[in-house]
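First up is the structure itself, then whatever we jot down about it.
On a predicted model such as this, the values are computed, not experimentally measured, just so you know. Heads up: numbering here begins at 1 and tracks the sequence.
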Amino acid sequence: MSLASAAPIPRMFTSRSIFAITRPRVTTPRASTSFISPFAARSRGYATVEDKFDPNSVERATDEVDVCIVGGGPAGLSAAIRLKQLEQEKGGDELRVVVLEKGGEVGAHILSGAVIETRALDELIPDWKELGAPLNQPATSDSMRFLTSSSSFPMPHPPQMNNKGNYIVSLSRFTAWLGEQAEALGVEVYPGFAGAKVLYTEDGKGVKGVVTGDVGLDKDGQPKDSYEPGMEFHSKVTLIAEGAHGSLSKEIQNKFNLREGKDPQTYGLGIKEVWKVRDEVYEPGKVVHTLGWPLDYKTYGGSWLYHMEDNMVSLGLVVGLDYQNPYLSPYKEFQRMKHHPFFANILKDGQCIAYGARALNEGGFQSIPKLHFPGGALIGCSAGFLNVPKIKGTHNAMKSGMLAAETAYASLRSNPEAETESEQPVDMSAYATAIEGSFIWKELKEVRNLRPSFHNPLGLWGGMAYSGVDSLILRGRVPWTFRNKVEDHEMTKKASEVKPIEYPQPDGKLSFDILTSVSLTGTNHAENQPVHLRLPEEKGAKERHTAANVHDYAGLLGRVCPAAVYEYADAEGAEADAEGKKFVINSQNCIHCKTCSIKTPTQDIKWTVPEGGGGPKYTIT
């Protein structure tokens with residue numbers, strides 16, 4: 001079940017981007033995109049009929065920069081802006097700051113609720129209102145409700161969820177605006193360039209940059225006539241700002257053992273729609289959160305409803321990925337939730353205009369990894385700074401980027417002669433100290449026990465009871481810390497231990513089939529490229545995956561994925577991988593939520609970056 005692709009998303013450049021790619025500092029010219037002879041192909045490492053293509057032996061263009069930031073979200077762009085501000089404030093030689101963003105445009109892969117606390121923005125860009133930041137709808141009211149299958153009841157509102165002074169926004173639009181501010185300061189922002197591989201120092205003890213993804217490989221990994229190898233960006237400091245569960249973040253955490261002594265990271269899946277609603281139900285600035293139905297008491301999660309500007313409402317459901325029942329479908333839970341009278345009365349006769357989904361960090365304080373490594377640091381959701389009880393993370397992501405920038409600037413200025421190829425990588429340990437002295441650390445420590453408190457025999461009821469006491473009275477001032485003991489996939493029970501869940505059919509008015517929803521994301525991936533969702537490259541991997549996931553877990557991937565990427569299709573004979581099923585990966589549908597690699601019980605799905613510019617094209621999410 002795949003979604004037909006629309007027109008390709010163009011790779012976007014600014015004049016600064018074009019100039020940077022061709023400037024003299026690029027020490028090796030980019031590979032030609034025209035046809036080359038078999039002899040030249042063989043000499044450059046390209047495949048011919050006789051040879052198998054080896055991408056590691058390809059000649060690549062290289063560029064030397066001071067700071068390379070992987071990810072053009074709020075954290076990465078805040079870091080870039082702060083670096084250029086420091087350059088202006090303190091003088092000295094120009095710093096080359098590069099931001100690599102895998103989305104076709106800045107903001108295209110950004111998804112959130114979102115209600116923004118402007119604390120970090122006020123500090124970074126005090127005159128943001130005058131500069132036209134798209135924060136146009138202040139939050140005017142807060143409430144929290146408990147849902148049953150047909151009714152809703154008011155609940156006490158925890159102080160962490162107070163939204164006075166906050167703004168309801170499209171985070172994709174806000175991020176695009178941050179990109180404009182960064183470029184105005186001289187940051188080189190490259191949309192459509194995915195950070196695909198980490199570059200290590202010769203001794204393997206530090207990071208010296210990244211390689212962007214190759215373009216023009218076919219589905220078998222062989223170069224087409226349009227083949228263009230990715231570039232090497234050699235940097236003195238590399239900041240990883242990919243968001244939750246990024247591929248380079250995972251690699252670096254494993255390489256440098258950054259999770260030693262830390263709790264496992266846990267996640268939720270947030271699924272969102274934006275609707276245009278009738279004037280009579282539109283209440284600009286209204287913020288509502290809910291607990292309870294449609295989830296059972298054993299499953300952590302809740303919903304939101306935010307009245308944005310221009311008669312738009314953002315609504316969504318977050319489901320903790322530590323849920324137990326493999327028959328649960330977060331997407332279908334969200335679709336049936338909209339038929340509850342509380343939502344249906346608002347959405348009636350409205351129009352759904354956007355859809356999206358994304359994994360988000362839920363581990364909190366005790367799951368934050370070591371934040372620095374030789375030559376760089378983890379910032380934003382790559383580090384896991386989301387405040388789950390507050391349901392906010394943008395302010396923490398931005399602040400972490402600013403603190404990393406200040407550390408990087410001080411380190412570079414203290415050693416202005418440092419070379420990108422040095423075997424002595426820049427020391428970013430002061431960044432971790434700065435985080436511990438910031439409001440990020442204070443607020444995450446205060447709420448550290450609230451999300452883990454739902455891991456108890458009473459589930460929702462026990463978690464609500466403890467969270468109420470802690471958030472209203474104790475405020476985190478207790479000598480204990482609840483632990484995140486296992487990863488989310490380990491919480492999944494076998495299908496034989498649970499009951500199947502029956503979901504109603506979508507009506508096409510309030511609820512929709514999944515491909516209709518995916519069509520609203522603008523998702524596009526170039527045809528005939530390698531599948532970026534990969535099983536291990538070993539004989540029998542597909543058969544073993546299918547046997548375990550179908551027999552033991554009832555094909556969980558087909559339910560947890562919010563974009564219909566995975567199918568266990570009926571098959572016979574040689575067509576079947578196992579259990580009478582063929583495992584199908586519709587990678588062209590992928591909206592880059594990363595959920596598959598988090599929740600798959602067999603942990604054999606590896607999410608890698610596709611060609612730069614591919615994926616969703618969010619504009620109002």
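Between Glu362 and Arg451 a salt bridge is recorded (basic side-chain N to carboxylate O distance below 4.0 Å). Using a 4.0 Å cut-off between a side-chain N of Lys or Arg and a carboxylate O of Asp or Glu, Asp66 and Arg413 do not qualify as a salt bridge. The existence of a salt bridge linking Glu105 and Lys617 is confirmed by a sub-4.0 Å separation between a basic side-chain nitrogen and an acidic carboxylate oxygen.
Heavy atoms only, all atoms of each residue included: Ala432 and His372 are closest at CB-CD2, 3.9 Å. Closest non-hydrogen pair, Ala359 versus Leu269, comes out as N-CD1, 4.2 Å. Scanning both residues, Lys164 and Asn162, for their nearest heavy atoms gives N-OD1, 3.2 Å. In terms of heavy atoms, Leu178 sits closest to Ser78 at CD1-OG, 4.4 Å. In plain terms, the two heavy atoms of Thr175 and Val106 that are nearest each other are O-CG1, 3.5 Å. Of all the heavy atoms in Arg96 and Asp63, the pair that sits closest is NH1-OD1, 2.9 Å.
Distance alone, capped at 3.5 Å, is enough to place a donor-acceptor pair between the Asp488 side chain and the Tyr267 backbone. Of the possible donor and acceptor atoms, none in the side chain of Ser382 sits under 3.5 Å from a partner among the backbone N and O of Leu378. Listed for the Asn163 side chain is a donor-acceptor partner under 3.5 Å among the backbone atoms of Met161. Proximity of a side-chain donor or acceptor of Thr407 to a complementary backbone N or O of Met428 within less than 3.5 Å is not detected. Between the side chain of Ser367 and the backbone N or O of Gly364, no donor-acceptor pair lies under 3.5 Å. Checked by atom type and distance alone, the side chain of Ser314 pairs as donor or acceptor with a backbone atom of Gly113 at under 3.5 Å. Using modelled atom types, one side-chain atom of Glu101 and one backbone atom of Gly103 make a donor-acceptor pair closer than 3.5 Å. In this structure a side-chain-to-backbone donor-acceptor pair under 3.5 Å is present from Asn361 to Cys381.
In Asp93, the CG atom is not crowded: 12 or fewer heavy atoms of neighbouring residues, nucleotides or ligands sit closer than 6.0 Å. Around the NZ atom of Lys84, the shell of radius 6.0 Å holds more than 12 heavy atoms that belong to other residues, nucleotides or ligands. The environment of NZ in Lys606 is sparse: at most 12 heavy-atom neighbours from other residues, nucleotides or ligands sit within 6.0 Å. Few gaps surround CD on Glu89; more than 12 heavy atoms of other groups in view lie less than 6.0 Å from it.
The cationic group of Lys255 lies under 6.0 Å from the six-membered ring centre of Tyr200 and within 45° of the ring axis, placing it in a cation-pi geometry. For the pair Arg82 and Tyr409, the NZ or CZ position fails the cation-pi test of under 6.0 Å to the six-membered ring centre and within 45 degrees of the ring normal.
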Test log, rule side chain to side chain donor-acceptor pair (under 3.5 Å), inputs Asn136 and Glu309: CA-CA 7 Å; Asn136 303 318; Glu309 58 186 305; 3.2 Å; yes

- request: Show your reasoning for whether ring pair (Phe, Tyr, Trp, His ring centres under 6.0 Å) applies to Tyr167 and Trp128.
  value: CA-CA 13 Å; Tyr167 288 80; Trp128 56 266; 5.6 Å; yes

- request: Might you work through the side chain to side chain donor-acceptor pair (under 3.5 Å) test for Trp607 and Ser247, ending with a clear yes or no?
  value: CA-CA 7 Å; Trp607 195 99; Ser247 53; over 6 Å; no

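Ring geometry, Trp177 versus Phe174: the interplanar angle falls under 30°, so the pair is classed parallel (tilted spans 30 to 60°). Ring geometry, His395 versus Phe439: the interplanar angle falls under 30°, so the pair is classed parallel (tilted spans 30 to 60°).
The ring of His532 has its center closer than 6.0 angstrom to the ring center of His592. The aromatic ring centroids of Phe482 and Tyr466 lie less than 6.0 Å from each other.
Here the straight-line distance linking atom CG of Leu360 with atom NE2 of His245 works out to 13.0 Å at 0.5 Å rounding. Here the NE2-OG1 distance, from His109 to Thr621, works out to 10.5 Å after rounding to the nearest 0.5 Å. Interatomic distance, Gln366 CD to Lys262 NZ, rounded to the nearest 0.5 Å: 11.0 Å. Distance check, rounded to the nearest 0.5 Å: CH2 of Trp441 to CD of Glu446 gives 15.0 Å. Separation of atoms CG (Leu121) and NZ (Lys129) is listed at 10.0 Å; rounding is to 0.5 Å. Distance check: Thr600 OG1 to Ile605 CD1 gives 5.0 Å after rounding to the nearest 0.5 Å.
For the residue pair Asp122/Thr118, the side-chain donor-acceptor check at 3.5 Å is satisfied.
Only one option out of Val169, Leu171, Val274 pairs with Ile620 in a side-chain contact (heavy atoms from CB on, under 4.5 Å); it is Val274.
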